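Predicted model, so just to flag it, every value in this text is computed and none were measured. Just so we're on the same page: letters track the sequence lines, and every chain starts at 1.
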Protein chains: 2
Amino acid sequence: MKGISIKDIARQAGVSPTTVSFVLNGKAKEKRISDQVSKKILKIANKLKYKPNQLARGLRTGKTKTLGLIVEDIANNFFANVAKVVEDEADKHGYKVLYGSTEDNSDKARGLLEVLKYRQVDGYIITPAKNMEKEIELLKMVRKPVVLMDRYLPNVDSHYVVVDNFQGAFAATSHLVEQGYKKIGIITTTSDQVQMKQRLDGFVAALKKHGIPFNKNVVKRLPFEMDRAAHTQEIIRYLRTTKVDAVFFATNYLGIYGIESIRSMGLRIGPDVGMVSFDDHDLFRLHSPSITCVSQPIEEIGRQIVNLLMKELNHASSTSQHLVLSPTLEVRQSTQKTVQAELPA
Amino acid sequence: MKGISIKDIARQAGVSPTTVSFVLNGKAKEKRISDQVSKKILKIANKLKYKPNQLARGLRTGKTKTLGLIVEDIANNFFANVAKVVEDEADKHGYKVLYGSTEDNSDKARGLLEVLKYRQVDGYIITPAKNMEKEIELLKMVRKPVVLMDRYLPNVDSHYVVVDNFQGAFAATSHLVEQGYKKIGIITTTSDQVQMKQRLDGFVAALKKHGIPFNKNVVKRLPFEMDRAAHTQEIIRYLRTTKVDAVFFATNYLGIYGIESIRSMGLRIGPDVGMVSFDDHDLFRLHSPSITCVSQPIEEIGRQIVNLLMKELNHASSTSQHLVLSPTLEVRQSTQKTVQAELPA
DNA sequence: ACACTGGGCTAAATCGATTGAGCGTGTTAT
DNA sequence: ATAACACGCTCAATCGATTTAGCCCAGTGT
């Protein structure tokens with residue numbers, strides 16, 4: 001039950017716990033501990049496989065070597081993949097990750113923050129839900145390192161790592177236009193957060209640039225909380241009524257529901273309805289026809305997030321870094337009006 | 001920076017920290033604290049939004065209200081979904097989750113356990129990598145609640161929640177036979193862990209039951225560590241050389257690679273090569289043709305895992321529970337030799 | 001011979017909560 | 001009248017590591 005403590009080592013080495021602590025924390029020189037004693041202590045610590053009790057250490061120092069990761073939905077492909085990278089990178093620095101999903105619900109998000117706070121995590125990676133300005137500010141006030149991801153809060157000065165949503169959406173929409181689609185719609189979430197706004201803005205800007213009038217009712221907004229069936233129903237109704245010939249789906253799960261919807265209407269993706277989705281996914285790659293998408297550089301996102309956090313934790317604190325990475329347009333078959341010699345399925 | 005402590009409350013209430021602790025832990029009656037004092041303390045605690053410091057509490061009591069979740073790969077659809085359920089369920093009981101991925105690598109798994117141990121997690125949910133018998137036994141020795149998932153260790157007496165892999169594979173394979181496929185292969189991992197073994201056994205048993213001779217070289221084993229490209233290459237080579245007319249893919253990512261491979265060979269899934277994969281996935285549902293699969297009851301798996309753990313944590317400790325849930329065969333188009341009026345894509 | 005310096009190490013306080021032992025005071029039983 | 005007990009609460013130790021202050025001894029300078 002009990003682990004090896006610093007006292008056990010002290011006893012065996014015939015020195016005080018203080019000395020052991022100094023040595024194990026690499027302060028031997030600084031604290032003028034003799035080499036003999038140092039080596040002896042290190043040897044014993046090794047033999048006993050001593051691991052410091054993180055609770056005790058944390059209680060005293062206030063550092064827990066734990067990061068809090070708050071995502072929208074850990075079961076979502078994008079977030080799960082980022083989480084994996086974050087975990088790996090954090091591990092390299094000796095940090096563990098506590099996670100939680102907000103379901104894009106502010107109350108749930110606040111609850112998570114609360115819990116992480118009194119668990120004393122050292123740093124936060126947050127996919128903010130709406131109305132969380134105060135909470136984030138509060139973290140800054142108490143000098144806790146915070147990196148926002150996927151989206152940021154325009155009125156809060158903080159680090160963040162996102163992709164260029166405007167460019168991504170712009171490229172996707174332009175591509176649809178260039179492929180000859182005439183009436184292009186967008187299906188997005190009801191969220192008015194910055195990432196969704198920018199995707200919508202990119203969409204509108206691309207239309208404008210190509211001289212296509214923008215009609216408000218090609219924009220369909222669906223709430224995150226709705227279930228799968230309701231989503232597809234709504235999408236089907238939208239497609240029926242607006243008669244768009246191409247759709248930009250502003251996030252991955254909408255793209256997936258979109259595929260389902262279009263197909264269940266008996267329409268052909270590409271010839272009848274062109275589509276592009278934000279985020280890549282195995283499904284998009286392997287679907288027939290394959291789905292054109294705006295792919296986020298997940299590896300780099302994860303790495304940069306942890307990087308920033310580590311810099312902050314090492315007090316190399318600087319002004320807020322705003323990392324805007326470039327997404328990539330993966331052109332596939334879902335944006336071709338004429339059916340090619342398709343890969344056989 | 002500093003939070004509200006029990007001392008602050010004690011000062012304001014004009015009582016000792018001990019009394020505050022008793023009241024806040026619901027021991028007022030037991031410890032004979034007067035109602036007046038009790039109420040006063042509770043009121044102050046509320047006003048100050050007191051949250052106990054979990055580190056201090058953990059240091060003293062040995063309980064951290066944290067669970068360790070060790071999965072094979074948090075970015076994998078199946079595990080990510082289970083993780084989500086686990087997180088939700090744990091939250092209901094006031095527990096947080098620390099997670100890590102093993103990549104099916106025993107050393108990484110051991111490292112994770114080590115870390116979780118000295119972080120003093122209260123209970124473990126483990127997808128064991130091979131050769132972890134000793135580590136699990138050790139946890140049992142120190143009376144830490146453990147629930148294994150996805151697979152178990154035959155020589156270790158512990159709780160576990162798995163699906164009936166044999167039945168799942170048996171049903172999948174039988175279905176292939178019944179659909180008229182004659183030469184059926186299986187692609188699995190190099191792992192000789194129980195879940196994979198049972199899937200293979202189920203496969204073999206189904207062949208036997210249908211009077212089909214089992215030839216060892218229809219079994220292809222691929223190591224987890226290999227990258228995507230190598231996987232598909234190997235699968236393609238296998239398909240070319242063995243000339244099977246249907247394949248059972250023993251886990252989700254193999255199924256995905258399988259789709260890629262078959263298609264890149266210019267073969268039609270269904271008519272040319274039938275296929276079933278273990279685990280469900282959006283991709284399998286929406287692929288054309290859709291992919292028949294053995295679907296695991298993810299919600300229930302997650303719920304049962306947390307359930308078991310909570311029972312243990314509340315010392316209702318009993319004999320080891322072995323929960324074997326039933327998977328469902330989702331029959332789709334990938335196991336039809338004749339092309340139906342396919343849903344247009 | 002005495003103050004001073006610096007090397008090598010330790011005592012004790014501290015972080016915040018929990019908990020076994022115990023201390024007055026008033027009431028009851030004998 | 002006095003032991004015995006209930007009541008209502010507090011003291012102080014404890015968990016394990018960190019950290020500040022400082023002790024003791026040897027050598028140096030004057």
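A straight line from NZ of B:Lys29 to C1' of D:dC9 spans 15 Å, rounded to a whole angstrom. As a whole-Å value, the separation of A:Lys63 NZ from D:dG16 C1' is 19 Å. Separating the NZ atom of A:Lys40 from the C1' atom of C:dG8 is a distance of 14 Å, rounded to the nearest angstrom. With rounding to whole Å, B:Arg119 atom CZ is found 17 Å from D:dG16 atom P. Atoms NZ (B:Lys65) and P (C:dT18) sit 12 Å apart, rounded to a whole Å. B:Glu30 places its CD atom 15 Å from the C1' atom of D:dC9, with the value rounded to the nearest Å.
Side-chain atoms of A:Asp122 and A:Thr64 include a donor-acceptor pair closer than 3.5 Å. For the residue pair A:Ser101 and A:Asp73, no side-chain donor N or O sits within less than 3.5 Å of a side-chain acceptor on the partner.
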**Message:** Each nucleotide in nucleotides 17-23 of chain D should get exactly one letter: B, S or -. Can you fill that in based on protein heavy atoms under 4.0 Å?
**Reply:** BBBB---
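Residue whose closest nucleotide on DNA chain C sits further toward the 5' end, between A:Ile33 and A:Leu59: A:Ile33.
Relative to the ring axis of A:Phe22, A:Lys27 does not place its NZ or CZ within 45° and under 6.0 Å from the centre.
Of the side-chain N and O atoms in B:Ser34, one or more sit less than 4.0 angstrom from OP1 or OP2 of D:dC9.
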What protein N or O atoms touch nucleotides 25-28 of chain C N or O atoms at under 3.5 angstrom, if any, and at what distances?
none

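Residue A:Val20 is classed as having no contact, given no heavy-atom separation below 4.0 Å to the nucleic acid.
For the atom pair CD (B:Gln54) and CG (A:Leu55), the distance works out to 10.0 Å, reported to the nearest 0.5 Å.
A distance-only check finds a donor-acceptor pair linking the side chain of B:Asn25 to the backbone of B:Ser21 [under 3.5 Å]. Judged purely by atom type and a 3.5 angstrom limit, A:Ser38 has no side-chain atom pairing as donor or acceptor with the backbone of A:Ala28. In this structure, the side chain of B:Asp91 does not engage the main chain of B:Glu87 through any donor-acceptor pair within 3.5 Å.
By the neighbour-count criterion of 12 heavy atoms within 6.0 Å, atom NZ of B:Lys108 is densely surrounded, having more than that number from other residues, nucleotides or ligands.
The ring-ring contact (aromatic ring centres under 6.0 Å, His included) contacts involving residues 70-103 of chain B comprise A:Tyr99-B:Tyr99, where partners must be two or more places apart or lie in separate chains.
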